[in-house]
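Residue numbers start from 1 in every chain, and the chains themselves are labelled A, B, ... in the order their sequence lines are given, proteins ahead of strands. Computed from heavy atoms alone, side chains included, the values below leave out hydrogens, waters and symmetry copies.
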Amino acid sequence: ILEYRNGGSTPQGKKANGDSFQRNFGNGRLHKHGGCELLPSHLQEDDENIEMRNVYEGPQVRQQFSTLQPPNRSIELYNECQDRIRCKREMEKKMQEQDLGCWFKITIPHGVKYDRTWLINSIRSHCRVPFTPVDFHYAKYRAQFFVQDAATASALKDVSYKVCSEENRKISIFVSPSEVPYSVKNKLKPEHMEQLKLTMKKRYNISKQALNLQKLRFDSDLMDCKVDIILNQRSCMAATLQIIEKNFPEPKLLSLNLRNNKLYRLDGLSDITEKAPNVKILNLSKNELKSTWELGKVRGLKLEELWLKGNPLCSTFPDKSSYISAILDCFPKLLRLDGQRLTTPFLIEVEALGIIKPCKESYRGSESLKSLVLQFLLQYYLIYDYGDRQGLLNAYHDEACFSLTIPFYSKDPDVISFWKYFKEIRNIKKLKDPDLRAQLLKYTKYEIVNSLSVLPKTQHDLNSCVVDLCIQTERMLCFSVNGVFKELEARSQGCVRAFTRTFILTSGNNCSLRIVNDELIVRNASPREIQSAFYISMPIPFSSSLPTISQRQQEMVQTFPSQFGMDLKWSQNYLQDNEWNSIMADQVFAELQTGGKFPKKGYKQI
Amino acid sequence: MRRHRREWPQEDRERYQGRSGHHYEEPHSSYSWRGSRGHRSRHDVVTPPLAEHTTAGSPMAESVDFKTYVDQACRAAEEFVNIYYETMDKRRRALTRLYLDKATLIWNGNVVTGLDALTNFFEMLPSSEFQVNMLDCQPVHEQATQSQTTVLVVTSGTVKFDGNKQHYFNQNFLLTAQSGPTNTVWKIASDCFRFQDWASS
């Protein structure tokens, strides 16, 4: 019969134990020592568990029992057997209660700022005791979790002010005793766990590595066995994730469907980043999620496909694109939302390049800066030339500006060929009306992209481009691109123009670069410029109606990501969306083959 | 009713330009906003005080704000371009006064940073004769400039150095505002100049 020092233990428990003790040994010699009792040594060896649990008791208590001897051996032997059985049963009961042991709540103020995995790993690296955070969740801006024993709690307290955030702030950790966390308190009974496991296995599609937990509470099997799985409850969600972790090891779970489970909080689901980190498809449609704040709790997942339709949060957005923007902020690599393929993810990972920071040695920074600008231009013009220009929406800041000018000289022979641009030309040297000046300056990304979509289709020759990097600060990158492009419209087929385009990019909060200013000058290319451009010979076009991916296409898809850090799947989707337009695709492929690098002599930087 | 200016055929546009040229291309028009003429240098690019950035407001108020920025930017750009090229042509030694201490110039790909280097560079550059016939400008979003009012100015035209062959050029500037109570002084933070036929020169 065991009892543990428990902050919340009731006097009743103690009393009952005391009675049975007296009954067994018939003497009043033994009384509780500070509420802790141990089994006599001759019964101890039967249960190793007990040994372990004794860890917290002081040595002096243990010694007390070695003096115990039963008075009458023969009768006692029988009683001992009975006792052993009874003890085992009580032990099991105690073990269950034992789980309720000594819990401590660990609070990290402003914890919501930090990436969960990074935070836990950083604390782990400083903590002398290994620990598992239980029921990790956010309360307002604090991050909180539970640990089970005093030693761990104390070790964690010592970690306070030892972990440094990226902004060089010391993270403080507060520790306080607490009640048992929900997932432990309401832990599922073993037989319920077993039933849940069977049900989940039934709902698992092994070929697609997809687990369908739609409307789980009303699953017929579970209801027949009277197992109530309410996924909103921390304990049920924790049990589900635990089963996923243990019983669906290989192949790893890729798709999880939690549709129609009345979920209003995703705190419980946040452990999924540890238990099932490979999930790429998540269906949370028809739940009760009220804001994207909830989605932030599963931000650690690298989702490719997400379903959110039918949640209250969907109607909180004024329009579809702000909805999509907000979701992309959470899951930058998302390819599909609510079944719809998203426009190209135009994000360059600034953090990875680590350059938009005050650069003391600008020379050292220049390689990564070059590569950044190169990546940007390739992505930008890939969409500009070969895709739907609406896809550039993600490249622009919400409040970006764009304007276009064409310098006309009276001697210009071919002015009329620019007729497609006439409506957009903004030359404030000649244009004095302030209203018109404002009107011709395209403002907001929508206006800009609409305006760009109307301009003639083009094909830029990025190989002969020259880039001047004007300014690089913590928040701003300004550069000018000089080059040539071909116009691909019917009338002006093959007409080669020269352009100078000045971009100003800014880095946003989620480390993505967006264009804030875009100024384009278009003019006719000089004969020399035409001569030195487009020197890549056009390969023989192949039929684009082939149903299967040809060898060539496969090569193309594979070259994309290795050189430019674009996702393989994205590039495949992208090319597919453009119906593998043979001529264009080959052009791009050829340019990529030659490294797509700017001629060294033309590339200058600060 | 006369068609809109931008729909006019080329000749008409030039005629208009010729007419309006009187107003805006004379150097002294740029002094019209100066308050007290006294001690202020002729070489500074000065405009009226900047509009306050109002944070509150209905969408209507916001669009008015943006237009104000556009107007402000245009005014600064015009004022600036007049003074800059005139100074470059006729008072070359005073040109560096228009630049910030840490400004950078990229001249046909050559990088020149800091006032000393700029002074040397402009001294070495032969005498110039600029003719600007295209000007465009945009207010730069404050997120990029961390609330330091900045204008992007882009120009194009022709230039002759030392009376030699005429080159077509493109140039862009980033101007930042240094606000005072009665006026705003604009300085060049970056200057990027390139001949259109840079490859052959």
Give, as side chain, backbone, both or neither, the part of [X] having an atom under 4.5 angstrom from any heavy atom of chain A.
{"X": "B:Cys192", "result": "side chain"}
{"X": "B:Val140", "result": "both"}
{"X": "B:Ala189", "result": "both"}
{"X": "B:Asn133", "result": "both"}

Give a yes or no on whether the backbone of B:Cys137 and the side-chain of A:Glu519 come within a donor-acceptor separation of less than 3.5 Å.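 Side chain of A:Glu519 to backbone of B:Cys137: no pair is present.
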
Are a donor atom and an acceptor atom from the side chains of B:Gln196 and A:Ser526 found within less than 3.5 Å of each other?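 No - no donor-acceptor pair under 3.5 Å links their side chains.
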
Which heavy-atom pair separates [X] from [Y] by the least distance, and what is that distance?
{"X": "B:Ala144", "Y": "A:Thr506", "value": "CA-OG1, 3.5 Å"}
{"X": "A:Cys470", "Y": "B:Ile106", "value": "CA-CD1, 3.8 Å"}
{"X": "A:Pro434", "Y": "B:Lys67", "value": "O-CE, 4.0 Å"}
{"X": "A:Asn517", "Y": "B:Pro139", "value": "ND2-O, 3.0 Å"}

Is the shortest side-chain N to carboxylate O distance from A:Lys429 to B:Asp136 below 4.0 Å?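 Here A:Lys429 does not pair with B:Asp136 in a salt bridge, since their nearest N and O are not under 4.0 Å apart.
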
State plainly whether the residues B:Glu142 and A:Arg475 are in salt-bridge range, i.e. N to O under 4.0 Å.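 No, B:Glu142 and A:Arg475 are not salt-bridged.
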
Look up atom [atom1] in [X] and atom [atom2] in [Y], then write down how far apart they are to the nearest 0.5 Å.
{"X": "A:Cys478", "Y": "B:Asn172", "atom1": "SG", "atom2": "CG", "answer": "6.0 Å"}
{"X": "A:Lys430", "Y": "B:Leu135", "atom1": "NZ", "atom2": "CG", "answer": "11.5 Å"}
{"X": "A:Thr502", "Y": "B:Gln171", "atom1": "OG1", "atom2": "CD", "answer": "11.0 Å"}
{"X": "B:Ser190", "Y": "A:Met476", "atom1": "OG", "atom2": "CE", "answer": "7.5 Å"}

For B:Gln146, is the CD atom crowded, meaning more than 12 foreign heavy atoms sit under 6.0 Å from it?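 Yes, the 6.0 Å shell around CD holds more than 12 heavy atoms from other groups.
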
Who wins among A:Thr500, A:Thr405, A:Ile406 for the most heavy-atom pairs under 4.5 Å with chain B?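 Of A:Thr500, A:Thr405, A:Ile406, A:Thr405 has the most heavy-atom pairs under 4.5 Å with chain B.
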
Check whether any side-chain heavy atom of [X] sits under 4.5 Å from a side-chain heavy atom of [Y], and report yes or no.
{"X": "B:Glu78", "Y": "A:Lys432", "answer": "yes"}
{"X": "A:Ile471", "Y": "B:Thr104", "answer": "no"}
{"X": "A:Leu441", "Y": "B:Phe66", "answer": "yes"}
{"X": "B:Thr150", "Y": "A:Ile504", "answer": "no"}

With side-chain contact (heavy atoms from CB on, under 4.5 Å) as the test, would you mind laying out the steps for A:Ser403 and B:Gln138 before giving the verdict? CA-CA 8 Å; A:Ser403 59; B:Gln138 295 180 3; 2.9 Å; yes

At a 4.5 Å cut-off on heavy atoms, which part of A:Asp518 comes close to chain B: side chain, backbone, both, or neither?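 Just the backbone, heavy atoms under 4.5 Å.
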
Using a 4.5 angstrom heavy-atom cutoff, name the option from B:Val70, B:Val154, B:Asp71 with the most pairs to chain A.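 Top count of heavy-atom pairs under 4.5 Å with chain A: B:Val154.
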
